[in-house]
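Written below as structure tokens is the structure these notes are about.
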Amino acid sequence: MVRLPLTPAEIERGQRLGALLRRARGERSMLDVALDARVSPETLRKIESGRVATPAFPTIAAIADVLGLSLDAVWAEINRSEPGGEPTTSGHGARERLPS
């Protein structure tokens with residue numbers, strides 16, 4: 001299966017997701033969070049750095065759970081046009097779902 005290139009909006013959303021997870025992790029080690037979420041530390045590092053802009057939903061759900069983040073909060077944060085801005089999507093439609 002050929003994967004289509006990511007849009008600039010998807011790349012930005014991935015960067016916002018990574019920044020959110022880094023902030024939420026705080027002083028906790030990446031290794032501890034990754035192991036608690038049952039993902040590899042490399043996967044968490046790639047998500048936090050924005051290298052994986054569209055991680056699988058179960059991966060994000062597991063990391064969010066370990067960090068005490070609701071999926072609603074994650075969704076709201078990654079869909080802001082800029083920090084503190086308005087959401088960029090309404091939450092409806094195939095292109096506006098949480099990246100998988």
Side-chain angles (χ1 to χ4, degrees):
M1 181 168 118
V2 175
R3 184 173 177 144
L4 296 175
L6 297 175
T7 66
E10 290 169 326
I11 292 168
E12 288 178 27
R13 203 168 33 226
Q15 291 169 343
R16 285 191 297 272
L17 173 62
L20 170 65
L21 297 178
R22 278 192 311 275
R23 284 192 311 271
R25 185 168 53 83
E27 297 297 317
R28 290 179 68 179
S29 78
M30 190 176 289
L31 178 62
D32 287 343
V33 171
L35 293 176
D36 288 347
R38 296 181 181 246
V39 300
S40 75
E42 181 67 9
T43 295
L44 181 56
R45 186 184 69 73
K46 287 179 180 179
I47 294 169
E48 284 190 1
S49 69
R51 285 188 53 215
V52 175
T54 58
F57 178 80
T59 301
I60 295 307
I63 295 168
D65 183 52
V66 167
L67 296 175
L69 296 171
S70 75
L71 292 176
D72 287 336
V74 172
W75 177 250
E77 179 68 22
I78 68 171
N79 283 296
R80 294 189 185 283
S81 57
E82 50 188 63
E86 293 299 314
T88 58
T89 63
S90 65
H92 301 288
R95 297 288 293 182
E96 298 173 349
R97 69 191 191 295
L98 187 61
S100 57

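Everything numeric here is computed off the predicted structure, so don't read it as measured data. All residue numbers refer to positions in the sequence shown, counting from 1.
Comment: Glu77 engages Arg23 in a salt bridge, judged by a side-chain N to carboxylate O separation of less than 4.0 angstrom. Here Arg28 pairs with Asp36 in a salt bridge; the nearest charged N to carboxylate O distance falls below 4.0 Å. By the 4.0 Å N-to-carboxylate-O rule, Arg45 lies too far from Glu48 to be salt-bridged with it.
The structure places CG of Asn79 at 7.0 Å from CZ of Arg16, a figure rounded to the nearest 0.5 Å. Here the CD1 atom belonging to Ile47 is positioned 10.0 Å from the CE atom belonging to Met30, to the nearest 0.5 angstrom. Rounding to the nearest 0.5 Å gives a distance of 9.5 Å between OG of Ser49 and CD of Gln15. Residue Leu21 holds its CG atom at 6.0 Å from CG of Leu67, rounded to the nearest 0.5 Å.
The shortest side-chain heavy-atom distance between Val66 and Asp32 does not fall under the 4.5 Å cut-off. In this structure the side chain of Thr59 reaches within 4.5 angstrom of the side chain of Thr43, judged on heavy atoms. The shortest distance between side-chain heavy atoms of Glu12 and Leu17 does not fall below 4.5 Å.
Under the rule for a salt bridge (charged side-chain N to carboxylate O under 4.0 Å, His left out), Arg51 has no partner lying at least two apart in sequence or in another chain. Take Ala64 and apply the side chain to side chain contact (heavy atoms under 4.5 Å, CB included) test, not counting sequence neighbours, and it matches Leu69, Leu71, Val74.
If you check the side chains of Arg13 and Thr7, you find no donor sitting under 3.5 Å from an acceptor.
For the residue pair Ala37 and Ala62, the shortest heavy atom distance occurs at O-CB, 3.5 Å. Pro5 approaches Glu10 most closely through the heavy-atom pair O-OE1, 4.4 Å.
Side-chain N or O atoms of Asp65 include none that pairs as donor or acceptor with a backbone N or O of Ala61 at under 3.5 Å.
Hydrophobic cluster membership of Leu31, counting Ile, Leu, Val, Met, Phe, Trp and Tyr whose side-chain heavy atoms lie under 4.5 Å apart directly or via other members: Leu35.
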